[in-house]
Amino acid sequence: MLRTPRKSHGLRRWSGRSRRRGLPICGAALKIAATVKPRVVKGDLRGSDLVRLCSEAPRDATLVVFHTAVLDYVSDPADREAFAEQVMRLSPYWVSNESPRVFPSIATRAAKSWPPGRFLLSVNGSPVAWTDPHGASLEWIADEA
């Protein structure tokens with residue numbers, strides 16, 4: 001049984017409309033995960049665990065490092081920047097979907113002010129879109145060039 005997150009647990013409470021749209025999608029995702037059994041690796045993204053994991057990718061594959069809503073939990077901005085530098089060395093593609101405050105240097109290239117409640121999607125350190133933290137929307141950032 002899938003339960004609606006409770007606000008008291010620090011999770012967002014879904015509105016009735018969001019629940020009606022979101023729960024079937026979550027249920028379908030859970031069925032896929034139960035069938036496919038994705039590999040889950042415990043590790044520290046700030047150290048050699050990421051290097052080891054990236055080195056396991058097949059040589060003929062295109063390695064993409066993607067993360068969403070994780071680096072806000074790394075409190076030291078220097079550790080975040082070190083992660084970004086390491087990912088850029090390890091992978092040809094780095095896709096980040098985080099709060100704009102996680103990488104303010106990227107966010108300031110996207111806009112002088114940030115849309116409230118939005119995450120910033122960036123590819124290889126370049127801002128590309130503002131997103132809803134839960135995937136409900138995406139607004140592409142116009143290319144200034």
Side-chain angles (χ1 to χ4, degrees), residues 2-7 9-15 17-58 61-145:
L2 187 61
R3 292 196 153 160
T4 302
R6 295 182 181 268
K7 191 173 186 177
H9 292 246
L11 299 173
R12 178 179 178 259
R13 182 174 289 282
W14 295 345
S15 69
R17 182 176 177 196
S18 295
R19 183 181 307 119
R20 284 189 300 276
R21 286 185 298 164
L23 286 180
I25 293 168
C26 287
L30 289 171
K31 286 179 184 175
I32 292 169
T35 303
V36 175
K37 307 262 191 247
R39 179 177 171 213
V40 177
V41 179
K42 182 179 178 179
D44 187 340
L45 59 83
R46 298 169 296 178
S48 62
D49 292 334
L50 180 62
V51 175
R52 180 183 44 77
L53 192 59
C54 287
S55 72
E56 293 178 15
T62 301
L63 179 62
V64 177
V65 174
F66 169 78
H67 56 89
T68 184
V70 69
L71 290 178
D72 207 22
Y73 297 99
V74 176
S75 59
D76 186 350
D79 283 345
R80 294 181 199 153
E81 290 298 328
F83 168 81
E85 291 169 10
Q86 183 176 48
V87 168
M88 293 297 290
R89 284 191 306 272
L90 292 170
S91 174
Y93 297 100
W94 168 42
V95 181
S96 170
N97 190 49
E98 297 282 352
S99 164
R101 70 177 175 261
V102 169
F103 291 112
S105 62
I106 297 173
T108 56
R109 288 185 278 140
K112 291 185 179 176
S113 64
W114 307 330
R118 297 295 181 165
F119 276 14
L120 180 60
L121 181 69
S122 65
V123 177
N124 292 342
S126 295
V128 297
W130 294 105
T131 67
D132 175 83
H134 299 282
S137 65
L138 177 137
E139 180 183 337
W140 295 108
I141 297 170
D143 187 3
E144 300 296 321

A.B. asks: If every non-hydrogen atom of Gln86 is compared with every non-hydrogen atom of Val51, which pair is closest and at what distance?
C.D. replies: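 Scanning both residues completely, I find the closest heavy atoms to be NE2-CG2, 3.1 Å.
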A.B. asks: Nearest 0.5 Å please: distance from the CG atom of Leu30 over to the OG1 atom of Thr35.
C.D. replies: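 Leu30 CG to Thr35 OG1: 10.5 Å, rounded to 0.5 Å.
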A.B. asks: Less than 3.5 Å apart, which donor and acceptor atoms pair up between the side chains of residues 87-95 and the rest of the protein, not counting sequence neighbours?
C.D. replies:
unit_1 : atom_1 : unit_2 : atom_2 : d
Ser91  : OG     : Leu63  : O      : 2.9
Ser91  : OG     : Tyr93  : N      : 3.2
Ser91  : OG     : Tyr93  : O      : 2.8
Trp94  : NE1    : His67  : NE2    : 2.8

A.B. asks: Within a radius of less than 6.0 Å around CZ of Arg101, do more than 12 heavy atoms belonging to other residues, nucleotides or ligands occur?
C.D. replies: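 No, CZ of Arg101 has 12 or fewer neighbouring heavy atoms, counting only those of other groups under 6.0 Å.
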A.B. asks: With sequence neighbours left out, which residue pairs that include part of residues 102-111 fulfil the side chain to side chain donor-acceptor pair (under 3.5 Å) condition?
C.D. replies: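 Those involving residues 102-111 do not exist here.
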A.B. asks: Going by atom types only, do Asp132 and Ser137 share a side-chain donor-acceptor pair under 3.5 Å?
C.D. replies: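 Side chains of Asp132 and Ser137: no pair found under 3.5 Å.
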A.B. asks: Does Val74 form a side chain to side chain contact (heavy atoms under 4.5 Å, CB included) with Leu45? I'd like the steps, not just the answer.
C.D. replies: CA-CA 10 Å; Val74 176; Leu45 59 83; 4.3 Å; yes
A.B. asks: A side-chain contact here means heavy atoms from C-beta on lying under 4.5 Å apart; do Phe103 and Leu120 qualify?
C.D. replies: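 No, too far: nothing below the 4.5 Å cut-off.
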A.B. asks: In Å and rounded to the nearest 0.5 Å, what is the OG to CG distance from Ser96 to Asn124?
C.D. replies: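 CG of Asn124 is found 10.5 Å from OG of Ser96.
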A.B. asks: So which heavy atom on Val41 is nearest to which on Arg52, and how close?
C.D. replies: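 Distance-wise, the nearest heavy atoms are CG1-NH2, 4.4 Å.
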A.B. asks: How long is the straight-line distance from SG of Cys54 back to CG of Asp49, given to the nearest 0.5 Å?
C.D. replies: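 SG of Cys54 is found 11.0 Å from CG of Asp49.
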A.B. asks: If you count every heavy atom of other residues, nucleotides or ligands that lies below 6.0 Å from Glu139 atom CD, does the total exceed 12?
C.D. replies: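 Counting neighbours around CD of Glu139, 12 or fewer heavy atoms of other residues, nucleotides or ligands fall under 6.0 Å, so no.
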A.B. asks: Return the minimal non-hydrogen interatomic distance between Gly125 and Ile106, and the atom names on each side.
C.D. replies: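 Nearest heavy atoms, Gly125 then Ile106: O-CG1, 3.5 Å.
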A.B. asks: For Pro38 and Ala33, which heavy atoms make the closest approach, and how far apart are they?
C.D. replies: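 Result for this residue pair: CD-O, 3.3 Å.
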A.B. asks: Quick one: do the Asp72 and Ser99 side chains pair a donor with an acceptor below 3.5 Å?
C.D. replies: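 Ser99 and Asp72 do not have a side-chain donor-acceptor pair below 3.5 Å.
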A.B. asks: So do the side chains of Leu50 and Phe83 get within less than 4.5 Å of each other, counting heavy atoms only?
C.D. replies: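 SC-SC contact between Leu50 and Phe83 confirmed.
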A.B. asks: Start with the C-alpha distance between Leu138 and Trp140, add both sets of side-chain angles, then the distance that settles side chain to side chain contact (heavy atoms under 4.5 Å, CB included), and finish with yes or no.
C.D. replies: CA-CA 6 Å; Leu138 177 137; Trp140 295 108; 3.2 Å; yes
A.B. asks: Taking all non-hydrogen atoms of both residues, which atom of Pro133 and which atom of Gly117 are closest, and how far apart?
C.D. replies: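 Taking every non-hydrogen atom into account, CD-O, 3.2 Å.
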A.B. asks: Would a 4.5 Å heavy-atom cut-off, applied to side chains only, mark Thr68 and Phe66 as touching?
C.D. replies: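 Result yes, sub-4.5 Å side-chain heavy-atom pair found.
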A.B. asks: NE2 of His134 to CZ of Phe119: how many Å apart, nearest 0.5 Å?
C.D. replies: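 Reported to 0.5 Å precision, the distance equals 7.5 Å.
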A.B. asks: Grab the two heavy atoms, one from Asp79 and one from Arg46, that are nearest each other, plus how far apart they are.
C.D. replies: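 The answer is OD2-NH1, 3.6 Å.
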